[in-house]
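Every heavy atom of this structure was used, including side-chain atoms; hydrogens, water molecules and symmetry mates were not.
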Amino acid sequence: MSGHELVRPSRDGDQFHYHWAARQCLKLLPGQTDLVAITIEGASAKEDESDEIEAGEQLIDVGLYFGAESLHKARLIRYIQLKHSTRAANEPWTASGLKKTIKGFAERYVQLVERFNDADVIQRFRFEFITNRPIETKVREALADLASGNAAQHPNLHKVLIEYAGIDKTQAAQFFKLFFTKGGEGALWEQRHLLAYDISAYLPDADYDAPIQLKDLITRKATTEFESDPSIHRHDVLRALKASEEQLQPAPCLISDQAGTLPREQEQEILQALLAAEHPIVIHADGGVGKSVLAARLVASMPIGSEAVLYDCFGDGLYRSSINFRHRHRDALVQIANELAAQGLCHPLIPTAYADTKQYMRAFLHRLKQAVELLRASAPEALLCLIIDAADNAEMAAEEQGEPSSFVRDLIRIPLPDGIRLAFTCRTHRRSRLGASPEAHEIELRPFSENESHTIFVDSILQRPVMTLQNLLFSAVRTRASRHW
């Protein structure tokens, strides 16, 4: 085979590495794992700047760092060597082919043990060999025996593998507990398709450029330009996907934490109605009656195993500002989805420039389905409640911007996955703006009763003894007035 004929398979191997690593980079996005960095062609420069471990460095095609990049602080570090074959894809990998890998990783293991104790290294470090070729059955069985400490099924091969490690038998016994091989990994063409498929799970629309940009990030990190900084972090991945951390949380809740306030007399009644409802609930009242406080308390009162998200359409009065919009699908649905993703309940939803409202709704519903299925895997009766506060303000903002409607009108009418509960709060005279179907259940939140008012007044005096009665009343009036448009 001529040198020219060897070039293309070598390029295939590089591309396999880049696509495989790009897929791992998606795990850096919020809520997936505690993965904080991925390195390309070597270990992280932040492992230990004062005393670098060099053994086995040339074997590390990809490094995965969980918790931290520091050797001392990381929860887990996975050192991975990748091997790809185009022309011998079905030829089993033999023990001799693993000789350099085992030797290099074993040397790195010894240096780690010198730095830390055996138990710590066993707990926090892994050495992996991944290839598209199958691993020979005898090799897999011999490695399994070494890892488990069982009697050798293949004594000669058992002995050879220990000799490859080049360390004493006691250390080798510990090292092979941390050494893993995986054969039959999808080849280059499959990795390319998997990357496009994986990325599509994070975006609301089909962005054909995103896989190319993410793979290009890996390619550049593999060059001498980044020799001293081979690490990829979350912000790098988001930048490749044309997004930022701020765009993942475009409309955070600005309602103060009201979970510690005294409960309303209707609170349990409304909570039970929400948990039992098969259709959306509209909780309405005049301004200043405590709808936002009630919404916050409902979120904090979920049964064990269930979860709730509170979305704030009012945004402390900023909802009309062009840099603080909260009524659009790309604001509200992205915010809610990514709050769920931060809890590890679904994929993040990364906004794109060209996705339309239909695509955002479809992507959002998929994430609701993911979240409730995950909750019910642990608690079969679990519910996921979405509480949209000041929904009427979202519709008013959409009207002011000359838009057909806000996300509220779509969300309140669309069929939701089983296990989802939906509640909206609004002012009584604006509830028709929400466009709820006839099946929606309306609940009026009554004004504070005499007992509630007395309790709140006394509690306020006890918490703020220096506040005069005049200032307390003025504060209440100002708070109520600020809710009017």
Checking salt bridge (charged side-chain N to carboxylate O under 4.0 Å, His left out) for the pair Glu47/Arg108: CA distance, chi angles, key distance, verdict? CA-CA 13 Å; Glu47 273 200 358; Arg108 192 172 188 85; 3.1 Å; yes
Less than 4.5 Å apart, any side-chain heavy atom of Gln213 and any of Lys242? yes
Give a yes or no on whether a salt bridge exists between Arg234 and Glu245, defined as a side-chain N under 4.0 angstrom from a carboxylate O. yes
Report the distance from atom CD1 of Ile412 to atom CG of Leu434, rounding to the nearest 0.5 Å. 5.0 Å
Backbone N or O of Ile212 within a donor-acceptor pair of the Asp216 side chain at under 3.5 Å? no
Residues forming a salt bridge (charged side-chain N to carboxylate O under 4.0 Å, His left out) with Glu190, sequence neighbours excluded: none
Could you measure the distance from the CD atom of Gln191 to the NZ atom of Lys215? Nearest 0.5 Å is fine. 13.0 Å
Please report the interatomic distance NE2(His366) to NZ(Lys369), rounded to the nearest 0.5 Å. 8.0 Å
Given the rule in the salt bridge (charged side-chain N to carboxylate O under 4.0 Å, His left out) test, do Lys291 and Asp389 qualify, once you have shown the distances and angles that lead to the verdict? CA-CA 8 Å; Lys291 296 183 294 296; Asp389 187 52; over 6 Å; no
For the residue pair Met396 and Arg430, establish whether any side-chain heavy-atom pair is separated by less than 4.5 Å. yes
Arg23: partners by salt bridge (charged side-chain N to carboxylate O under 4.0 Å, His left out), with sequence neighbours left out: Asp198
At their closest point, which heavy atom of Leu241 faces which heavy atom of Ala210, and how far apart are they? CD2-CB, 3.8 Å
Just checking, any donor-acceptor pair under 3.5 angstrom between side chains of Gln343 and Glu339? no
Polar side-chain atom of Thr425 near backbone of Ala390 as donor-acceptor pair, under 3.5 Å: yes
Residues Tyr319 and Cys313: closest non-hydrogen pair is CB-O, 3.2 Å
Quick one, Gln370 with His347, criterion side-chain contact (heavy atoms from CB on, under 4.5 Å). Give me CA distance, side-chain angles, the key distance, then yes/no. CA-CA 8 Å; Gln370 283 182 316; His347 282 123; 2.9 Å; yes
What's the verdict on side-chain contact (heavy atoms from CB on, under 4.5 Å) for Glu395 and Ser405, showing C-alpha distance, side-chain angles and the deciding distance? CA-CA 6 Å; Glu395 271 302 300; Ser405 66; 3.8 Å; yes
Which atom names give the shortest non-hydrogen contact between Leu384 and Leu340, and what distance separates them? CD1-CD2, 3.8 Å
Assess whether a salt bridge exists between Glu225 and Arg220, defined as any Lys/Arg side-chain N lying under 4.0 Å from an Asp/Glu carboxylate O. no
Quick one about Glu128 and Gln81 (side-chain donor to acceptor, distance below 3.5 Å, no hydrogens or angles considered), yes or no? no
Is the positively charged end of Arg192 above the ring of Tyr197, judged by distance under 6.0 angstrom from the centroid and angle within 45° of the axis? no
Keeping the roles fixed (side chain from Glu442, backbone from Ile281), state whether a donor-acceptor pair exists under 3.5 Å. no
Decide side-chain contact (heavy atoms from CB on, under 4.5 Å) for Leu298 and Cys385; before the verdict, give the C-alpha distance in whole Å, the side-chain angles of both, and the deciding distance to 0.1 Å. CA-CA 9 Å; Leu298 290 174; Cys385 297; over 6 Å; no
Sidechain-backbone polar pair: Asp356 side chain, Gln359 backbone, donor-acceptor under 3.5 Å: yes
Please check if the side chain of Thr224 supplies one atom and the backbone of Glu227 the other of a donor-acceptor pair under 3.5 Å. no
Within this structure, what is the CG-CG distance for the pair Leu416 and Leu411, rounded to the nearest 0.5 Å? 6.0 Å
Is any NZ, NE, NH1 or NH2 atom of the basic residue among Glu399 and Arg433 found under 4.0 Å from an Asp or Glu carboxylate oxygen of the other? yes
Donor-acceptor contact present, side-chain Arg376 to main-chain Ala382, <3.5 Å: yes
Arg362 side chain to Thr357 backbone, donor-acceptor under 3.5 Å: no
N/O donor-acceptor pairs under 3.5 Å from side chains in residues 116-127, not counting sequence neighbours:
from: Asn117; atom 1: OD1; to: Ala119; atom 2: N; distance (Å): 3.2
from: Asn117; atom 1: OD1; to: Asp120; atom 2: N; distance (Å): 2.7
from: Asp120; atom 1: OD1; to: Arg124; atom 2: NE; distance (Å): 2.7
from: Asp120; atom 1: OD2; to: Arg124; atom 2: NH2; distance (Å): 3.2
from: Arg124; atom 1: NH1; to: Leu71; atom 2: O; distance (Å): 2.7
from: Arg124; atom 1: NH1; to: Ala74; atom 2: O; distance (Å): 2.7
from: Arg124; atom 1: NH2; to: Leu71; atom 2: O; distance (Å): 2.9
from: Arg126; atom 1: NH1; to: Ile122; atom 2: O; distance (Å): 2.8

Flag side-chain contact, heavy atom, 4.5 Å: Leu345 against Glu307: yes
Where at least one partner belongs to residues 369-415, residue pairs that pass ring-ring contact (aromatic ring centres under 6.0 Å, His included), sequence neighbours excluded: Tyr311-Phe407
What I'd like to find out is whether the side chain of Leu238 reaches to under 4.5 Å of the side chain of Leu248, using heavy atoms alone. yes
Working to the nearest 0.5 angstrom, can you tell me the gap between Arg264 CZ and Leu271 CG? 14.5 Å
Partner of Val299 under side-chain contact (heavy atoms from CB on, under 4.5 Å), picked from Leu310, Leu294, Ile255, Val309, is Leu310
Going by side chain to side chain contact (heavy atoms under 4.5 Å, CB included), name the residues that satisfy it together with Pro204, two or more places apart in sequence or in a different chain. Leu349, Thr352, Ala355, Tyr360, Ala363
Please examine the side chains of Ile38 and Val62, heavy atoms only from C-beta on, and report whether any two atoms are closer than 4.5 Å. yes
Ser449 and Glu265: side chain donor to acceptor below 3.5 Å: yes
So Asp410 and Lys358, salt bridge (charged side-chain N to carboxylate O under 4.0 Å, His left out) or not? Walk me through it. CA-CA 9 Å; Asp410 282 338; Lys358 180 179 179 179; over 6 Å; no
Starting at CD1 of Ile283, measure out to CD1 of Ile270 and round the result to the nearest 0.5 Å. 5.0 Å
Of the non-hydrogen atoms in Leu82 and His17, which two are nearest, and what is the gap between them? O-NE2, 3.0 Å
By the ring-ring contact (aromatic ring centres under 6.0 Å, His included) test, which pairs, at least two apart or in different chains, include something from residues 26-46? none
List the steps and the verdict of salt bridge (charged side-chain N to carboxylate O under 4.0 Å, His left out) for Asp236 and Lys221. CA-CA 11 Å; Asp236 298 310; Lys221 279 289 183 176; 5.1 Å; no
On a heavy-atom basis, which atom in Cys25 and which in Val237 lie closest, and how many Å separate them? O-CG2, 3.7 Å
Where Ala240 and Leu217 come nearest, the two heavy atoms and their spacing: CB-CD2, 4.5 Å
Using 30° and 60° as the class limits, which term best fits the ring planes of Phe325 and His327: parallel, tilted or perpendicular? perpendicular
Do Arg75 and Asp34 sit within salt-bridge range, that is, some charged N less than 4.0 Å from a carboxylate O? yes
Evaluate the ring planes of His84 and Phe16, with Trp represented by its six-membered ring, and classify them as parallel (under 30°), tilted (30 to 60°) or perpendicular (over 60°). tilted
